[in-house]
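Heads up: the structure comes next, in structure tokens.
In this chain, residues are counted from 1 in sequence order. Source: prediction; values computed, not measured.
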Amino acid sequence: MTTPSTSVGDAAAALSGNLQLPPLRTLDDFILGSARFQLPNLKDFEKWGNRVVKNLLYYQTNYFLLFITIYVLMIFFNPSKIITGLLVQALIIGVIWQFFSGKSKKNFIASRLTGGNANAAEQNAQQKWYILAGALLGGYLLLHLLSAVLLTIFTVLLPISLTFIHASLRLRNIKNKLTNSIESLLPPRPWAPCWMP
């Protein structure tokens, strides 16, 4: 078995030297005046997928800004619900993680195979009660704070769905096609703001 010649740190350093932020496209190009929208041909998934990928690459900075804007607005208008929803989701994920973790399964199986070591059996019983209490608490909080959990999920899914809808409906213009072709042929240049030539 061979070991890789570069470490993860070396790979990250090499990648960070080549990463650059694409320019922010104008609002006129993104959604207003010169933007053209059309329903994709739903029977031709390859062409539709190509349109989505090209638009995601061309407008990625705009989509990132859209995601951040929507998320900040939702947190601004409902801070307590968003934070509460995130905490409830974290608790539920923690309980599920603990329940399905390999460590608890190994202890449970080992105690059953060895005829029930008293210390291991007591530890498993105590751990089961903790998991049961966490599951009951998580379930109660989920039902009691369902609106907060749903708002948190909506806050994440809204920008994702808007991005996919825009990328699906936005027709590529000549500038978009030319920019994608040129960027694929030229070596990467350092990031510059969109107002600089």
Side-chain angles (χ1 to χ4, degrees), residues 8-9 11-13 15-16 18-33 35 37-40 42 45 48-49 51-105 126-172 176 191-195:
V8 175
L15 280 176
S16 66
N18 294 335
L19 291 180
Q20 58 182 334
L21 187 64
L24 184 66
R25 309 300 176 185
T26 64
L27 197 58
D28 186 53
D29 182 31
F30 184 60
I31 202 163
L32 296 177
F37 296 94
Q38 182 182 9
L39 284 174
L42 299 176
F45 287 119
W48 181 17
R51 180 194 292 186
V52 169
V53 168
K54 295 295 184 181
N55 281 333
L56 286 174
L57 290 173
Y58 187 71
Y59 295 113
Q60 61 185 306
T61 307
N62 294 61
Y63 292 140
F64 180 71
L65 189 63
L66 175 74
F67 185 87
I68 295 297
T69 304
I70 290 173
Y71 206 77
V72 166
L73 284 174
M74 295 296 278
I75 289 175
F76 178 74
F77 287 118
N78 299 305
S80 61
K81 278 193 171 185
I82 297 291
I83 292 170
T84 305
L86 286 173
L87 290 174
V88 169
Q89 288 177 0
L91 175 70
I92 291 170
I93 289 171
V95 168
I96 291 172
W97 183 273
Q98 181 63 31
F99 182 73
F100 289 110
S101 71
K103 182 180 174 185
S104 63
K105 285 182 185 177
Q126 188 178 13
Q127 187 177 20
K128 287 178 190 177
W129 285 111
Y130 287 144
I131 292 173
L132 178 63
L136 289 174
L137 178 66
Y140 170 75
L141 289 175
L142 177 67
L143 292 176
H144 185 68
L145 303 169
L146 187 62
S147 63
V149 172
L150 290 177
L151 183 67
T152 305
I153 293 170
F154 177 74
T155 302
V156 172
L157 292 180
L158 179 66
I160 292 172
S161 60
L162 288 177
T163 299
F164 181 73
I165 290 169
H166 183 272
S168 294
L169 297 178
R170 178 71 169 92
L171 290 174
R172 294 174 58 217
N176 183 335
W191 177 81
C194 61
W195 59 86

Fill in: Pairing residues for T84 by the side chain to side chain donor-acceptor pair (under 3.5 Å) criterion, not counting sequence neighbours
none
Is the closest side-chain heavy-atom distance between [X] and [Y] below 4.5 Å?
| X | Y | value |
| --- | --- | --- |
| L151 | M74 | yes |
| H166 | Y59 | yes |
| H144 | V88 | no |
| L171 | R51 | yes |
| F30 | L24 | no |
| Y71 | V156 | yes |

For the residue pair [X] and [Y], what are the closest heavy atoms and their distance?
| X | Y | answer |
| --- | --- | --- |
| S168 | V52 | OG-CG2, 3.5 Å |
| L65 | T69 | O-OG1, 2.7 Å |
| I31 | F37 | O-CE1, 3.9 Å |
| A167 | N55 | O-ND2, 2.9 Å |

Using 0.5 Å steps for rounding, measure from the [atom1] atom of [X] to the [atom2] atom of [Y].
| X | Y | atom1 | atom2 | result |
| --- | --- | --- | --- | --- |
| I165 | I160 | CD1 | CD1 | 12.0 Å |
| T152 | I83 | OG1 | CD1 | 9.5 Å |
| I96 | I92 | CD1 | CD1 | 7.0 Å |
| I70 | F154 | CD1 | CZ | 8.5 Å |
| I153 | L86 | CD1 | CG | 10.0 Å |
| L145 | Q89 | CG | CD | 11.0 Å |

Discussion item. Can you tell me if F64 has over 12 outside heavy atoms packed within less than 6.0 Å of its CZ?
Written reply: no
Discussion item. Atom OH of residue position Y140 - does it have more than 12 heavy atoms of other residues, nucleotides or ligands inside 6.0 Å?
Written reply: no
Item to complete: With sequence neighbours excluded, give me every side chain to side chain donor-acceptor pair (under 3.5 Å) pair touching residues 154-163.
Response: none
Item to complete: Check whether any side-chain N or O of R25 sits under 3.5 Å from a backbone N or O of N62 as a donor-acceptor pair, and report yes or no.
Response: no
Worksheet item: With no hydrogens and no angle check, is any side-chain donor or acceptor of Q60 less than 3.5 Å from a backbone partner on L57?
Response: yes
Response to the item:
Taken in chain and number order and not counting sequence neighbours, the residues that satisfy side chain to side chain contact (heavy atoms under 4.5 Å, CB included) with L136 are L132
